[in-house]
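In what follows, a single structure is set out as structure tokens and then discussed.
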Amino acid sequence: MKTKTYLVLLLVSMMFGVGGMQASTPQRIIFETDMGNDVDDALGLDLLYRYQNEGRIRLLAVMLNKPGSAPVEYMDILNTFYGHPNMPIGKITHGANCENDGVNYAKSVCQMKDAAGKPLFKRSLSNYKSLIESPQLYRRILSNQADHSVTIISTGFSTNLARLLQSKADRYSRLNGRELVARKVKRLVIMGGSFSHENPEYNILRDVPAADYVFHHWPTTLITSPFEVGEGILFPGQIITDYKGKPHPVIEGYKAYLKMPYDRPTWDITAILYAVEGGKWFGLSERGQITTQPNGRTLFTPSARGKQQYLTTTPEQAQGILKRFKALFKF
């Protein structure tokens, strides 16, 4: 009798959390990235797939806001390598002109060959031109989600997000873009802006009108991990140097980006860490409104009615975040 009672209680505890609340389900995430500009985007997708393997998240789609063929192909390589060949990818056309802003590690990895002269990494897609535009894919994905259930993590330009907000009703939803976001999206977490530096931050600078539109019209909670947070926490390049396994597209991308060895600021992965694991690692500003100046500089105005905040870190928190990254990134 005791054994049967124990089994019943165990089953109930697996179905429900403490106090009868239903056990937590994986967060639904859409990842927005300028993959190929800085290698922290590649580290970011690696981190998201680690979270997915742990059951913490369900990655719904990846949206690219860097134009060109290499980002799409590299994304296909990553999805295939991590065992998600059918992950939806949204492309962008007529996006920010950023092809020559840095070493395109995505292109470098796509061109790598094995000893027999064949592509070093497998692909799953055969026609990248057939991929749909990111705003259209957003509408398709969001329309099928529960209300207020999706977190969007953006680690690049705001172009796709602005186009989503400006989109019209279509076959996926009778709601316009802003209405659809308000209905389906729980929050937007971005890497962007700076509130302690006078220079404009890159993700904002490359499409200032889009960033300005998003800050003014995004209808749900918006949290940004600003430049100064990631700048103060360096990803240990030793993790890459120590890797001795089979060819890995993120490892090869990191090596191709800059001359090894080097440590890289954790701009994008701090935003992802916050989005998935919450605020225990960070401080948060008061609520308010973020605005952009024509030169790309971001300003923050406190407001009790505001829905926007930015992350902060103390030296002690930065050390804790670095320890967490060292524990997470086990290639």
message: Show, in sequence, the C-alpha distance, side-chain angles and deciding distance for Glu133 and Thr93, and conclude whether the side chain to side chain donor-acceptor pair (under 3.5 Å) test is met.
response: CA-CA 7 Å; Glu133 294 290 319; Thr93 54; 3.0 Å; yes
- prompt: Got Gln27 and Val150 here, is their nearest side-chain heavy-atom distance under 4.5 Å?
  reply: no
- prompt: Without hydrogens or angle criteria, can the side chains of Thr292 and Thr298 be said to hold a donor-acceptor pair below 3.5 Å?
  reply: no
- request: Look at the side chain of Gln289 and the backbone N and O of Ser303, then say whether any donor-acceptor pair between them is shorter than 3.5 Å.
  value: no
query: Short question: side chain of Asn53, backbone of Tyr49 - any donor-acceptor pair under 3.5 Å?
result: yes
task: Would you name the heavy atoms of Glu286 and Gln309 that are closest together and state the gap between them?
output: O-CG, 3.6 Å
query: Does a side-chain heavy-atom distance below 4.5 Å link Leu161 with Ser154?
result: yes
message: Looking at Asp41 and Asn37, would you say the former's side chain and the latter's main chain have a donor-acceptor pair under 3.5 Å?
response: no
- request: Answer yes if the side chains of Thr151 and Arg28 hold a donor-acceptor pair under 3.5 Å, and no otherwise.
  value: no
- prompt: Do any pairs count as a side-chain hydrogen bond (donor to acceptor under 3.5 Å, both in side chains) and have a residue in residues 202-211, sequence neighbours left out, and if so which ones?
  reply: Asp101-Tyr202, Asp101-Arg206, Thr159-Asp207
- line: For Ser194 and Pro226 the tightest heavy-atom approach is CA-CB, 4.2 Å
field: Within one Ile-Leu-Val-Met-Phe-Trp-Tyr cluster: Leu284 and Ile233, side-chain cutoff 4.5 Å
entry: yes
field: Atom pair CG/NZ of Asn65 and Lys91 - distance to nearest 0.5 Å
entry: 15.0 Å
query: Are the side chains of Leu234 and Thr266 in touch, meaning some heavy atoms are under 4.5 Å apart?
result: no
message: Counting C-beta onward and ignoring hydrogens, is there a side-chain heavy-atom pair between Phe235 and Ile269 closer than 4.5 Å?
response: yes
- prompt: Does the side chain of Ile30 reach to within under 4.5 Å of the side chain of Ile153, using non-hydrogen atoms?
  reply: no
Within-4.5 Å side-chain heavy-atom neighbours: Val250 and Phe331: yes
Sidechain N-carboxylate O distance under 4.0 Å for Arg297, Glu198: no
message: Treating Asn160 as the side-chain partner and Leu64 as the backbone partner, does any N or O pair qualify as donor plus acceptor under 3.5 Å?
response: yes
message: Take a 6.0 Å sphere around CG of Asn97 and say whether it holds more than 12 heavy atoms from other residues, nucleotides or ligands.
response: no
- request: Take Ile77 and Lys122, measure what side chain to side chain contact (heavy atoms under 4.5 Å, CB included) needs, and give me the verdict at the end.
  value: CA-CA 6 Å; Ile77 289 173; Lys122 293 181 180 179; over 6 Å; no
message: Between Asn79 and Asp76, is there a side-chain donor-acceptor contact under 3.5 Å, judged purely by atom types and distance?
response: no
query: With under 30° as parallel and over 60° as perpendicular, where do the rings of Tyr254 and Tyr262 fit, or are they tilted in between?
result: parallel
Side chain Arg56, main chain Leu48, donor-acceptor under 3.5 Å: no
query: Hey, what do you get for CD1 (Ile251) to NZ (Lys246), rounding to the nearest 0.5 Å?
result: 12.5 Å
statement: Value for OG (Ser167) from OH (Tyr172), rounded to nearest 0.5 Å, stands at 12.0 Å
message: If we count only N and O atoms by modelled type, under 3.5 Å, do the side chains of Lys168 and Asn176 hold a donor and an acceptor together?
response: no
field: Atom of Met87, atom of Val62 and distance for their closest heavy-atom approach
entry: CG-CG2, 4.2 Å
field: Intermediate values then yes/no, side chain to side chain contact (heavy atoms under 4.5 Å, CB included), Ile29 and Arg58
entry: CA-CA 6 Å; Ile29 302 285; Arg58 180 184 170 193; over 6 Å; no
- request: Give the intermediate values and the outcome of side chain to side chain contact (heavy atoms under 4.5 Å, CB included) for residues Tyr128 and Ile89.
  value: CA-CA 9 Å; Tyr128 299 124; Ile89 301 173; over 6 Å; no
query: Where the side chain of Glu231 meets the backbone of Glu228, is there a donor-acceptor pair that is under 3.5 Å apart?
result: no
message: Nearest 0.5 Å, please: how far is CG in Leu222 from CD1 in Ile190?
response: 5.0 Å
task: Just do the ring-ring contact (aromatic ring centres under 6.0 Å, His included) check on Tyr105 and Tyr74 with the steps written out, would you?
output: CA-CA 9 Å; Tyr105 61 90; Tyr74 183 65; 5.7 Å; yes
- request: Would you confirm whether Ser173, through its side chain, and Ala169, through its main-chain N or O, come within 3.5 Å as a donor-acceptor pair?
  value: no
message: Once rounded to the nearest 0.5 Å, what's the spacing between atom OG1 of Thr33 and atom CD1 of Ile272?
response: 8.0 Å
message: Counting the benzene-type ring for Trp, do Phe195 and Phe227 have ring centres under 6.0 Å apart?
response: no
message: Ignoring hydrogens, what is the shortest heavy-atom contact between Leu165 and Pro219? Give both atom names and the distance.
response: CD2-CD, 4.1 Å
- request: Go through the side-chain N and O atoms of Glu32 and Tyr138 and say whether any donor and acceptor fall under 3.5 Å apart.
  value: yes
- prompt: Does Thr221 reach the main-chain N or O of Arg187 with its side chain, forming a donor-acceptor pair under 3.5 Å?
  reply: no
query: Is the number of heavy atoms from other residues, nucleotides or ligands within 6.0 Å of CZ (Arg50) greater than 12?
result: yes
message: Do His148 and Lys184 make a side-chain contact, defined as non-hydrogen atoms from C-beta onward lying under 4.5 Å apart?
response: no
- prompt: Given Gln308 and Phe215, is the side chain to side chain contact (heavy atoms under 4.5 Å, CB included) satisfied, shown in steps?
  reply: CA-CA 8 Å; Gln308 300 174 10; Phe215 286 137; 4.0 Å; yes
- request: Taking atom types as modelled, find out whether Glu277 and Tyr51 have a side-chain donor-acceptor pair closer than 3.5 angstrom.
  value: yes
Heavy-atom closest contact (Val39 atom, Arg264 atom, distance): CG1-CG, 4.3 Å
query: Got a sec, which pairs hit side-chain hydrogen bond (donor to acceptor under 3.5 Å, both in side chains) with one end in residues 106-118, sequence neighbours left out?
result: Glu99-Lys107
Separation of Ser225 OG from Trp267 CH2 (nearest 0.5 Å): 11.5 Å
- prompt: Within the side chain of Arg178, is there an N or O that forms a donor-acceptor pair under 3.5 Å with the backbone of His217?
  reply: yes
- prompt: In terms of hydrophobic clusters joined by side-chain contacts under 4.5 Å, are Leu258 and Met112 together?
  reply: yes
Close side-chain approach of Val214 and Leu188, heavy atoms under 4.5 Å: yes
statement: Tightest non-hydrogen contact, residues Phe329 and Ile239, listed as O-CG2, 3.9 Å
